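Heavy atoms only: backbone and side chains are in, while hydrogens, waters and symmetry mates are out. Letters A, B, ... mirror the listed sequences (proteins, then strands); counts begin at 1. Remember, predicted model here, so these are calculated numbers, not experimental data.
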Amino acid sequence: MHSFLQKFGRLLVIWLPLGWLSIFFMLPLVEMVNVSLSEAKRAVPPYNPAFQIGKDGISFQPVVDNYLLIYEYWEDYLWPAVNSVRLAFFSTLYCLLFAYPMAWWIARSNKSLQHILLVLILMPFWTSSLLRMYALIGLLNPNGVINDFLIWAGITVTPIQMMQTDFSIYSGMILTYLPLMILPLYASLVRLDNSVLEAAADLGAKNWDIFRTIILPLSMPGVIAGCLLVFIPAVGEFVIPALLGGPEQLMLGKVIWTEFFRNRDWPVAAAIAIILIAIIIIPIVYARYQDKENIN
Amino acid sequence: MRSTVPLLVKLLAIAGFGILYIPVIMMMIYSFNRSKLVSVWAGFSTKWYKELWYDDVLLTALYKSLLIGFSSATISTIFGLLIAIAFVRFANFKGRLFLSLVASAPLVMPEAVTGLSMLLLFIAMEVSFGWPSGRGVDTIMIAHATFGMCFAAVVIQTRLRDMDKSLEEAARDLGGRQPFVFLSIILPLILPSIIAAWLLSFTLSFDDLVIASFVSGPGSSTLPIVIFSKIRLGVSPEINAIATLMILAISALIMIGSFLVLRRDGKK
């Protein structure tokens with residue numbers, strides 16, 4: 001009896017979350033593939049499901065029209081895709097440049113300062129990105145704080161256009177994703193053995209040489225992890241291009257939103273979502289491959 | 001003593017902290033601006049905060065967000081705990097690979113994709129068996145619980161793995177039954193991570209705009225949805241005031257949570 005209960009409990013521990021995630025995470029993805037292969041029509045809901053269980057039994061009539069449409073109007077869809085990758089790539093790079101000195105400083109401070117700095121990193125990470133992007137708009141607007149200051153200081157006469165540019169997107173990305181870059185960098189830098197650095201310094205190595213030949217190579221796992229953590233969500237970002245970007249800063253997350261809410265073309269929205277997943281899988285598979293290489 | 005950090009690195013790091021904090025601090029200052037014009041400072045005033053009290057749309061949205069946050073965080077934490085136990089304590093079981101896939105994929109899935117796919121499922125379910133009829137608080141709750149449990153699982157898993165097993169083994173050697181050992185030994189030891197996981201799931205739910213926008217129905221707008229539609233109309237001291245309050249509230253929760261997590265790191 002006792003072992004039966006234990007076995008039952010064990011099954012429950014595994015199957016409750018597995019069941020939930022299968023129904024509410026896996027099944028939606030399957031349904032999204034189904035909708036992306038469905039025909040759009042004017043109805044509620046606005047599509048004719050490819051896979052159907054109806055009065056006449058099970059039918060499966062997939063159409064590739066939605067993917068063909070994306071292919072045909074490739075300028076409208078490919079450009080946001082390329083743009084997403086470009087903006088995410090440079091955002092990752094800028095985050096890395098800002099995060100490295102921060103992570104290094106935190107890793108090298110004493111314990112009590114380290115705690116304070118880590119909390120200072122964590123706090124903006126968990127406060128809403130929407131609100132922080134809103135705060136950024138207040139800074140970058142033509143009549144915002146920065147332009148007011150520049151005009152007051154006599155540096156410029158007319159406000160500088162900062163909103164709806166690549167600059168505003170990068171500022172938003174850095175503000176949102178900097179903590180995600182710092183934490184893995186910090187984790188790899190804090191493990192670095194001080195005696196190695198001291199030995200290099202005693203032997204006459206310059207600061208720059210120490211950084212280039214010791215610190216950077218040893219922190220490489222943190223760099224890769226941080227870049228993935230920033231790049232992956234940045235590619236699919238919606239709030240940042242929606243609030244800070246103009247028509248030139250279209251990204252796939254925003255295109256899905258527009259297709260769905262404004263154009264009410266659900267099958268095309270689903271097809272774009274699948275393309276977005278495909279873009280994200282590439283760096284993940286690459287990282288897995290790198291991990292295996294390292295283990296071997 | 002650790003080797004000194006070059007001055008240049010320190011300055012760059014301080015600039016980095018500046019980037020993280022200056023926008024929010026400026027916004028908080030301007031929330032006390034008397035003038036409706038955002039860029040003109042016309043003296044100190046708390047009138048925008050007072051006005052929030054009379055904004056019914058906002059208060060209803062706040063109530064919905066809190067309701068969804070509390071319930072989804074609770075579901076997330078319970079299921080996250082189950083996932084963590086399955087991974088750390090059960091060596092090998094059927095479906096381990098599948099569970100690790102479905103418990104980690106939501107962490108990297110773009111919100112727009114998660115939101116869209118869930119909405120499509122809810123609609124297909126409604127067409128097929130009439131549930132859920134329409135979308136509202138319950139569908140947002142399910143969606144938030146689904147990605148929240150994956151984050152909760154990560155937090156609890158780390159603690160469960162690092163836990164000192166000797167107390168538990170001692171209890172078992174002395175004849176303690178499994179449920180007793182779990183409730184009186186394991187649970188208290190991992191409690192800080194459970195609280196941290198709950199706080200994390202709550203803030204994720206409370207802050208979420210994109211997924212909630214997809215799976216919400218008419219009349220079930222959460223606070224971020226209402227704020228987003230207000231932001232689209234432009235910067236205003238009223239939004240500054242809401243944003244200030246929300247950020248302060250979440251920051252307080254995070255302070256408590258990170259204190260719990262850091263304290264256990266400090267003990268080691």
Undergrad: Which atoms of B:R89 are under 4.5 Å from chain A, going by heavy atoms: the side chain, the backbone, both sets, or neither?
TA: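 For B:R89, neither part sits under 4.5 Å from chain A.
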Undergrad: Side-chain donor-acceptor pair under 3.5 Å between B:N240 and A:Y134, yes or no?
TA: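 Per modelled atom types, B:N240 and A:Y134 side chains form a pair under 3.5 Å.
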Undergrad: Side chain from CB out, backbone as N, CA, C, O: work out which of these in B:A15 comes under 4.5 Å of a heavy atom of chain A, or both, or neither.
TA: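 For B:A15, there is no contact with chain A at all, as no heavy atom is under 4.5 Å.
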Undergrad: Heavy-atom cut-off 4.5 Å, strictly under: side chain, backbone, both or neither for B:L209 against chain A?
TA: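 Side chain only.
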Undergrad: Name the region of A:Y100, side chain, backbone, both or neither, that has any atom closer than 4.5 Å to a heavy atom of chain B.
TA: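 The answer is neither part of A:Y100.
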Undergrad: Between B:A103 and chain A, with a heavy-atom cut-off of 4.5 Å, which part of the residue counts as in contact: side chain, backbone, both or neither?
TA: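 Answer is both: backbone and side chain atoms of B:A103 are under 4.5 Å from chain A.
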Undergrad: Under 4.5 Å heavy-atom distance to chain A, tell me which part of B:M28 shows up: side chain, backbone, both or neither.
TA: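 It is neither, since no heavy atom gets under 4.5 Å.
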Undergrad: Do the rings of B:F228 and A:F238 sit parallel, tilted or perpendicular, given the 30° and 60° boundaries?
TA: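 The rings of B:F228 and A:F238 sit tilted, inter-plane angle from 30° to 60°.
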Undergrad: In terms of side-chain heavy atoms, does B:S72 have a donor or acceptor partner in B:H144 at a distance below 3.5 Å?
TA: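 Checked: B:S72/B:H144 side chains show no N/O donor-acceptor pair below 3.5 Å.
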Undergrad: B:M26 versus chain A, heavy atoms under 4.5 Å apart: side chain, backbone, both or neither?
TA: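 Contact with chain A is through the side chain of B:M26 alone.
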Undergrad: What class does the angle between the rings of A:Y47 and A:W266 fall in, given that below 30° is parallel, 30 to 60° is tilted and above 60° is perpendicular?
TA: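 The arrangement is tilted - the two ring planes meet at 30° to 60°.
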Undergrad: Considering only heavy atoms, which portion of B:S251 lies under 4.5 Å from any heavy atom of chain A: side chain, backbone, both, or neither?
TA: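 B:S251 touches chain A through backbone and side-chain heavy atoms alike.
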Undergrad: Just wondering, do B:D207 and A:L130 contact through their side chains at under 4.5 Å, heavy atoms?
TA: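 A side-chain contact under 4.5 Å is absent here.
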Undergrad: Select one option (side chain, backbone, both, neither) describing which atoms of B:L119 are under 4.5 Å from chain A's heavy atoms.
TA: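 Only the side chain of B:L119 comes within 4.5 Å of chain A.
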Undergrad: Side chain, backbone, both or neither: which part of B:I19 has a non-hydrogen atom closer than 4.5 Å to chain A?
TA: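 When you check distances to chain A, atoms from both the backbone and side chain of B:I19 fall under 4.5 Å.
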Undergrad: Chain A heavy atoms under 4.5 Å from B:F122: which part of the residue, side chain, backbone, both or neither?
TA: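 For B:F122, side-chain heavy atoms alone lie under 4.5 Å from chain A.
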Undergrad: Decide yes or no for B:L99 and B:F87: does some side-chain heavy atom of the first lie under 4.5 Å from some side-chain heavy atom of the second?
TA: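 Side chain of B:L99 against side chain of B:F87, heavy atoms only: contact under 4.5 Å found.
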Undergrad: Please report the shortest heavy-atom distance between B:R96 and B:F90, naming the atom on each side.
TA: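 For B:R96 versus B:F90, the nearest heavy atoms are NH1-O, 2.9 Å.
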